[in-house]
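Keep in mind that this is a model prediction, so the values were computed, not measured. Naming convention: chains lettered A, B, ... in sequence-line order (proteins, then strands); numbering from 1 in each chain.
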Protein chains: 2
Amino acid sequence: MKKPVPVYQKIADDLRALILDGSLRPGAQLPTEAALLDQYKVKARATVRQGLNVLINEGLIEPRRPRGYFVVERRRLVYRPQAEFRRRPPETDIFTNLVAEEDGRTPSQDIEVSIVEAPAAIRDRLGLAAGELVAARRRVRKLDGVPYNLNDSYVRLSLVQGTDWMNPGDVARGTNAVLAELLGAELEQALDEIYIRMPLPEEARRLEIGPGVPVGEHIATTFANDNVVQCTINIIPGDRHVIVYDRVRNPEDTGQPRIPWGAQ
Amino acid sequence: MKKPVPVYQKIADDLRALILDGSLRPGAQLPTEAALLDQYKVKARATVRQGLNVLINEGLIEPRRPRGYFVVERRRLVYRPQAEFRRRPPETDIFTNLVAEEDGRTPSQDIEVSIVEAPAAIRDRLGLAAGELVAARRRVRKLDGVPYNLNDSYVRLSLVQGTDWMNPGDVARGTNAVLAELLGAELEQALDEIYIRMPLPEEARRLEIGPGVPVGEHIATTFANDNVVQCTINIIPGDRHVIVYDRVRNPEDTGQPRIPWGAQ
DNA sequence: AAGTGGTCTAGACCACGCA
DNA sequence: GCGTGGTCTAGACCACTTA
């Protein structure tokens, strides 16, 4: 009738319970591997390590060699896609907006602008032909030097070549304002897709996140006059953000879902 | 200068590359542990297993005992919080709406209604006192028998006791319509919070998801006449959904972020 | 019945950061 | 230098599913 619980599972379950009920608070140290060997009368380190591994991959603990295992500490920032379209305070960069709501932390970003072949995801959304070139503006956004998210924007090369959009530094009025000038029309609509998944090794490296931390991939496709203008891929570490939307009833919403490209 | 890559890491990297570049398509079988032992001239199963474990926890592969390891197959459904507020087609259940956009799969849901002490997250959002009772409507939504998400709604008990909201079956006109009748006012505003994290064991069990599959926790707080009415917690497995929002420029948006409770 | 992965033992040597 | 975790070896026995 009953099935025996593997020892490593029992170890993971016990420690998880301690963490979730607050007995082990964020930042607290767990028993060492040696201590757990004693505690559970188990003979092989591999068994204890297997148990700890479960919790690492759940994002609950992290090893800090050579001190031991610790409960992770998380602090979340509000990530608000809708801030892109707001007017007051004067619309600037979405990240600057986002951080303005936090005190005492200093934002910075590494910006890199290049001309590349459009990745497939971008091609689909911007409606480009295979092999077509796009301008790419890639940013790593940091708070007190800690990476907070990756933000890669793509637009048709012909639209922005030689303009301020391709300035590999901060653009004070915001890159969206640059696009609006070029188009003679405001960006006034967007479609957000949010995928939840584990990070690729490359992303984990750039964001300095360990195993057990999932990411949100937020793909924002922006329109002006019903024409696609820009596509931005944000990679958002799950342990450092909460995504927030305001929603209001809109009587004109006909409810047509609109995803002309295939979901990933 | 260079540091040697551990064998298990090499195994994980090689197999991941094969999966990501399409050499190993979703559903394809990976080499068995025994084959990898040969291939990498490694002596201990533990080493090979450690490598495979990396990919399992990245959600890329899954063991199907006793056949071997396979590349996971994913198929994503559009999850659209904004569908809650749409009028045409006639507003019904958000899940029914959601599924109406898919063909050939039959939706079902297990519904359970109860009266409980409000969990802390609900208490904060509904503005309740500690220990106060709420009505809970908990649903597991399935497609072809496979769980697609968990949906737990909470409202003040005094508002809905004895009404159709607490009917533990499908409510054809939608539970939001019931609330609107009781209040004499439409639900017309909501605040969505989306947290990205690994599932708790309980959630993983209910959703039948394995290790390496992160979830989105979508907390929707709904208002009528600026009063909080309902709070719903949705748990959304990342491998089966894409979250979609439409966004339009709103000149009246003053940009005040509004989260009266602390982020989790 | 055969072959797969699941669990566990009992060691070994190494890398790293701190006192 | 000491203690921590990181990696790996070389086995053992078991549980499960499919042919």
Side-chain angles (χ1 to χ4, degrees), chain A residues 1-15 24 27-72 201 204-205 208-212, chain B residues 1-15 24 27-72 201 204-205 208-212:
Chain A
M1 208 65 202
K2 60 165 191 291
K3 53 183 167 188
V5 177
V7 181
Y8 83 90
Q9 213 24 280
K10 172 92 173 113
I11 295 174
D13 290 346
D14 288 354
L15 292 173
L24 284 171
Q29 178 166 12
L30 278 72
T32 62
E33 291 183 359
L36 290 170
L37 278 174
D38 267 14
Q39 191 177 328
Y40 286 90
K41 306 290 179 237
V42 86
K43 310 290 170 46
R45 262 181 77 209
T47 303
V48 165
R49 285 173 61 75
Q50 196 178 355
L52 291 165
N53 231 326
V54 171
L55 300 183
I56 291 174
N57 286 304
E58 289 177 358
L60 292 174
I61 68 173
E62 64 185 11
R64 294 188 200 156
R65 229 181 39 167
R67 299 180 43 216
Y69 295 87
F70 293 79
V71 182
V72 300
R205 194 184 52 71
E208 295 171 20
I209 53 183
Chain B
M1 205 69 199
K2 60 164 187 296
K3 51 183 167 189
V5 177
V7 181
Y8 83 91
Q9 211 28 278
K10 172 95 174 108
I11 295 175
D13 290 345
D14 288 353
L15 292 174
L24 284 171
Q29 179 166 11
L30 278 72
T32 62
E33 292 183 358
L36 290 170
L37 279 174
D38 268 15
Q39 192 176 329
Y40 286 90
K41 306 288 177 236
V42 85
K43 311 290 170 44
R45 261 181 77 208
T47 303
V48 165
R49 284 172 62 75
Q50 196 178 354
L52 291 165
N53 230 325
V54 171
L55 300 183
I56 291 174
N57 285 303
E58 289 178 358
L60 292 175
I61 68 173
E62 63 184 11
R64 293 188 201 155
R65 229 180 40 168
R67 300 182 41 217
Y69 295 88
F70 293 80
V71 182
V72 300
R205 193 184 52 73
E208 295 171 20
I209 53 183

Quiz prompt | side chain to side chain contact (heavy atoms under 4.5 Å, CB included) between L60(B) and L15(B), intermediate numbers included | solution = CA-CA 10 Å; L60(B) 292 175; L15(B) 292 174; over 6 Å; no

Self-check item: Among dC8(C), dT4(D), dG6(C), the one nearest P63(B) by side-chain distance
Solution: dG6(C)

Quiz item: To the nearest Å, how far apart are E62(A) CD and dG6(D) P?
Solution: 12 Å

Exercise. Starting at atom CG of L52(B), determine the distance to atom C1' of dC8(D), rounded to an integer number of angstrom.
Key: 16 Å

Quiz item: Atom CG of N53(A) to atom P of dT7(C): distance rounded to whole Å?
Solution: 13 Å

Quiz prompt | Of the listed nucleotides dG6(D), dG6(C), dC8(D), the one nearest the side chain of E33(B) | solution = dG6(C)

Quiz item: Judged by atom type as modelled, is there a donor-acceptor pair below 3.5 Å linking the side chain of Q29(B) to the main-chain atoms of R67(B)?
Solution: yes

Practice problem: With the side chain counted from C-beta on, respond yes when T47(A) and Y40(A) share a heavy-atom pair under 4.5 Å apart, and no when they do not. | Solution: no

Self-check item: Separation of dT9(D) P from Q50(B) CD (nearest whole Å)
Solution: 11 Å

Exercise. Select one nucleotide: of dC18(C), dG6(C), dG5(D), the one nearest the side-chain heavy atoms of R67(A).
Key: dC18(C)

Quiz item: Could you state the CG-C1' distance from L55(A) to dG5(D), rounded to the nearest angstrom?
Solution: 16 Å

Quiz item: Below 4.0 angstrom from OP1 or OP2 of dC8(C), is there any side-chain N or O of Y8(A)?
Solution: no

Quiz item: What's the NZ-P distance between K10(A) and dC8(C), to the nearest Å?
Solution: 13 Å

Quiz item: How do P66(B) and V7(B) order along DNA chain D: which one's closest nucleotide is nearer the 5' end?
Solution: V7(B)

Quiz item: If you find the nucleotide of DNA chain C closest to A46(A) and the one closest to R65(A), which residue's nucleotide is nearer the 5' end?
Solution: A46(A)

Self-check item: Listed nucleotide nearest any side-chain atom of Y69(B), set dG3(D), dA10(D), dG5(C)
Solution: dG5(C)

Quiz item: Rounded to the nearest Å, what distance is computed from the CZ atom of residue R64(B) to the C1' atom of nucleotide dG3(C)?
Solution: 17 Å

Quiz item: With side chains defined as the heavy atoms from C-beta onward, is the minimum distance between L52(A) and L36(A) less than 4.5 Å?
Solution: yes

Quiz item: With no angle test and no hydrogens, is the base of dG6(C) tied to the side chain of R45(B) by a donor-acceptor pair under 3.5 Å?
Solution: yes

Quiz prompt | Rounded distance in Å - CZ (F70(A)) to P (dG5(D)) | solution = 9 Å

Exercise. Compare side-chain N and O positions of T47(B) against OP1 and OP2 of dT9(D) and report whether any pair is under 4.0 Å apart.
Key: yes

Self-check item: R49(A) side-chain N/O to dG6(D) phosphate OP1/OP2 under 4.0 Å
Solution: yes

Quiz item: Of the candidate nucleotides dT9(D), dT7(C), dA10(C), which contains the atom at the shortest distance from the side chain of K43(A)?
Solution: dA10(C)

Quiz item: What is the minimum heavy-atom distance between L30(A) and F70(A), and which atoms define it?
Solution: CD1-C, 3.8 Å

